[in-house]
Amino acid sequence: MNPRKKRLEERKLIKQSIWLGSVFTVWAIIIGIVVDSKAIIFDALFSMIGISLSGVSLFVNNFIRKPDDDNLPFGRSQFEPFAITVQTAVIIFLCLYSLTTSVIDLINGGKIVEMDLALPYLVFSIIGCFLLWFYFKTNATKLGSEYVRIESTEWQLDAFLSFGVLAGLSLAFFITKTEFEYLVPYIDPAMVVIISLVFLRIPAKTFKKNIRELLQFAPDDEVEDLMHTNVDEITLQYGFLESVVRVAKTGSSYTVEIDFLLPKSMSDMKVVELDMIRQVVYDRIKGNYTMWLTISFTTERRWIL
């Protein structure tokens, strides 16, 4: 799929996520207020933040396709991990905030939730969110899109959140009028505590990955392995003394610098010959990704260090 078609498909899917998320958010807010459930309100807040962050993704997706200019001479790919870092940071904050307030509720004696409306809402929410998670995950894999993958993650978290709340409220329903009825007020905030702790793992992992990209750590993936392997083979093929490959990944774009150390006997090679080698290198390492490639040749080792 060409980059333009991929961007258009990404934008279409993000817009779908925004509209569907808006419906779920309004529904969750109404139900959460009516039944006085912190877990359901947390669900609504999660959806609301997801909508806002999807809007940011939509803006960034459009922004990064603009051509380079004097202010951004090396492109705009860094805005992709930056936006995703902000998204995941907000999700982490929401989990920590909900965790804190629910612990306070537990300390203060918990709270009673009306289950007549909560249970039907949660059943429909679980089914809807799981279907949407599968839908966006499938499209994210097909497109190779980090933006759509984040959308699928948000629906995944929403689905598990609703499932966790349903499990908690169902437990409360079954222990009512038993010897364990005194535990009922604690179940709703306890479920939020458990879910918040479980949810922190996924956004924390994504946050770490994108922080590494912003700081230009080596990607340590199969693309980097491909580049090192092929450059080593070309170094041997042309009789070069040494080669150095530097790779950084920012969003969906790779920044690659390859330096070849030539023996003194090759110092009189013509530019056209070096360009032919550059073409060979490019043909060997190109793939279905954007690449900012610099290839240099020198007979002085100090220029490759």
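We count residues from 1, following the sequence as given. No experiment lies behind these values; they were computed from the predicted model shown.
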Study note, to complete from the structure: Between the CG atom in Leu166 and the CZ atom in Phe163, the distance rounded to the nearest 0.5 Å is 7.0 Å

Revision key, fill the gap. Here the pair of heavy atoms bringing Ile126 nearest to Ala159 is CG1-O, 4.2 Å

Check your understanding: Taking the side chain from Ser267 and the backbone from Lys264, do they hold a donor-acceptor pair closer than 3.5 Å?
Key -> yes

Review point. Which heavy-atom pair separates Ile175 from Leu183 by the least distance, and what is that distance?
Key: CD1-CB, 4.1 Å

Review point. Is there a side-chain contact between Ile234 and Val280, using heavy atoms and a 4.5 Å cut-off?
Key: yes

Review point. Trp133 vs Phe130 aromatic rings, parallel, tilted or perpendicular, using cut-offs 30° and 60°?
Key: tilted

Point to revise | Within-4.5 Å side-chain heavy-atom neighbours: Met227 and Arg284 | key: no

Review point. Just how far is it from atom OH of Tyr135 to atom CG of Asn139, taken to the nearest 0.5 Å?
Key: 5.0 Å

Practice item. Would you please test Asp259 and Leu305 for side-chain contact (heavy atoms from CB on, under 4.5 Å) and show each step? Key: CA-CA 9 Å; Asp259 300 307; Leu305 299 178; over 6 Å; no

Check your understanding: Rounded to the nearest 0.5 Å, how far apart are CD of Gln237 and CG of Asn230?
Key -> 10.5 Å

Practice item. Indicate yes or no for a side-chain donor-acceptor contact from Thr101 to the backbone of Tyr97 under 3.5 Å, with no hydrogens or angles considered. Key: yes

Review point. Within a reach of under 6.0 Å around CE of Met269, are more than 12 heavy atoms found that belong to other residues, nucleotides or ligands?
Key: yes

Practice item. Treating Ile, Leu, Val, Met, Phe, Trp and Tyr as nodes and any side-chain heavy-atom pair under 4.5 angstrom as an edge, say whether Leu241 and Val244 lie in one connected cluster. Key: yes

Practice item. Find out whether Ser243 and Asp232 are in side-chain contact, i.e. whether some heavy atom of one side chain is under 4.5 Å from a heavy atom of the other. Key: yes

Review point. Is there a path of hydrophobic side-chain contacts, each under 4.5 Å between heavy atoms of I, L, V, M, F, W or Y residues, that connects Tyr282 with Val247?
Key: yes

Review point. Atom OG1 of Thr85 and atom CG of Asn210: how far apart are they, to the nearest 0.5 Å?
Key: 4.5 Å

Exercise for review: Decide yes or no for Ile258 and Phe260: does some side-chain heavy atom of the first lie under 4.5 Å from some side-chain heavy atom of the second?
Suggested key: yes

Exercise for review: Report the distance from atom NZ of Lys15 to atom NZ of Lys12, rounding to the nearest 0.5 Å.
Suggested key: 11.0 Å

**Study point:** Cluster check Ile14, Trp19: I/L/V/M/F/W/Y, side chain < 4.5 angstrom
**Key:** no

Practice item. Flag the pair Ile277 / Phe240 as yes when at least one side-chain heavy-atom distance between them is below 4.5 Å, and no otherwise. Key: yes

Check your understanding: How long is the span from the OG atom in Ser125 to the CH2 atom in Trp27, to the nearest 0.5 Å?
Key -> 6.5 Å

Review point. Do Phe207 and Ile92 come close enough that some side-chain heavy atom pair is under 4.5 Å?
Key: yes

Exercise for review: Give the C-alpha distance, both sets of side-chain angles, the deciding distance and a yes or no for side-chain hydrogen bond (donor to acceptor under 3.5 Å, both in side chains) between Tyr254 and Glu224.
Suggested key: CA-CA 9 Å; Tyr254 287 83; Glu224 185 188 23; over 6 Å; no

Exercise for review: Please answer: with hydrophobic residues joined when any side-chain heavy atoms are less than 4.5 Å apart, are Ile304 and Val281 in the same cluster?
Suggested key: no

**Study point:** Joint cluster assignment, Leu132 & Leu143, ILVMFWY side-chain distance < 4.5 Å
**Key:** yes

Revision key, fill the gap. Nearest heavy-atom contact between Lys286 and Met291 is CA-CE, 4.2 Å

Review point. Do the non-hydrogen side-chain atoms of Thr141 and Val148 ever get within less than 4.5 Å of each other?
Key: no

Exercise for review: Show your reasoning for whether side-chain contact (heavy atoms from CB on, under 4.5 Å) applies to Thr206 and Arg149.
Suggested key: CA-CA 11 Å; Thr206 304; Arg149 193 187 68 77; 3.6 Å; yes

Point to revise | Worked verdict on Leu262 versus Tyr238 for side-chain contact (heavy atoms from CB on, under 4.5 Å) | key: CA-CA 9 Å; Leu262 279 59; Tyr238 286 93; over 6 Å; no

Check your understanding: Taking all non-hydrogen atoms of both residues, which atom of Ser265 and which atom of Asp268 are closest, and how far apart?
Key -> O-OD1, 3.6 Å

Practice item. Find out whether Glu257 and Leu293 are in side-chain contact, i.e. whether some heavy atom of one side chain is under 4.5 Å from a heavy atom of the other. Key: no

Review point. Given Gln279 and Asp275, is the side-chain hydrogen bond (donor to acceptor under 3.5 Å, both in side chains) satisfied, shown in steps?
Key: CA-CA 6 Å; Gln279 185 64 51; Asp275 282 343; over 6 Å; no

Check your understanding: Is the backbone N or O of Leu99 less than 3.5 Å from a side-chain atom of Ser102, with the two atoms forming a donor-acceptor pair by type?
Key -> no

Review point. What's the verdict on side-chain contact (heavy atoms from CB on, under 4.5 Å) for Leu106 and Val193, showing C-alpha distance, side-chain angles and the deciding distance?
Key: CA-CA 10 Å; Leu106 287 171; Val193 170; 4.0 Å; yes

Exercise for review: Show your working on side-chain hydrogen bond (donor to acceptor under 3.5 Å, both in side chains) between Ser17 and Glu151 and close with a plain yes or no.
Suggested key: CA-CA 7 Å; Ser17 184; Glu151 295 299 321; 2.6 Å; yes

Exercise for review: Indicate the ring-plane relationship of Trp155 and Phe24, choosing parallel, tilted or perpendicular according to the 30° and 60° boundaries.
Suggested key: perpendicular

Check your understanding: Counting only N and O atoms by type, is there a donor-acceptor contact under 3.5 Å from the side chain of Arg278 to the main-chain atoms of Ile295?
Key -> yes

**Study point:** Gly239 versus Met266, closest heavy-atom pair with distance
**Key:** O-CE, 4.0 Å

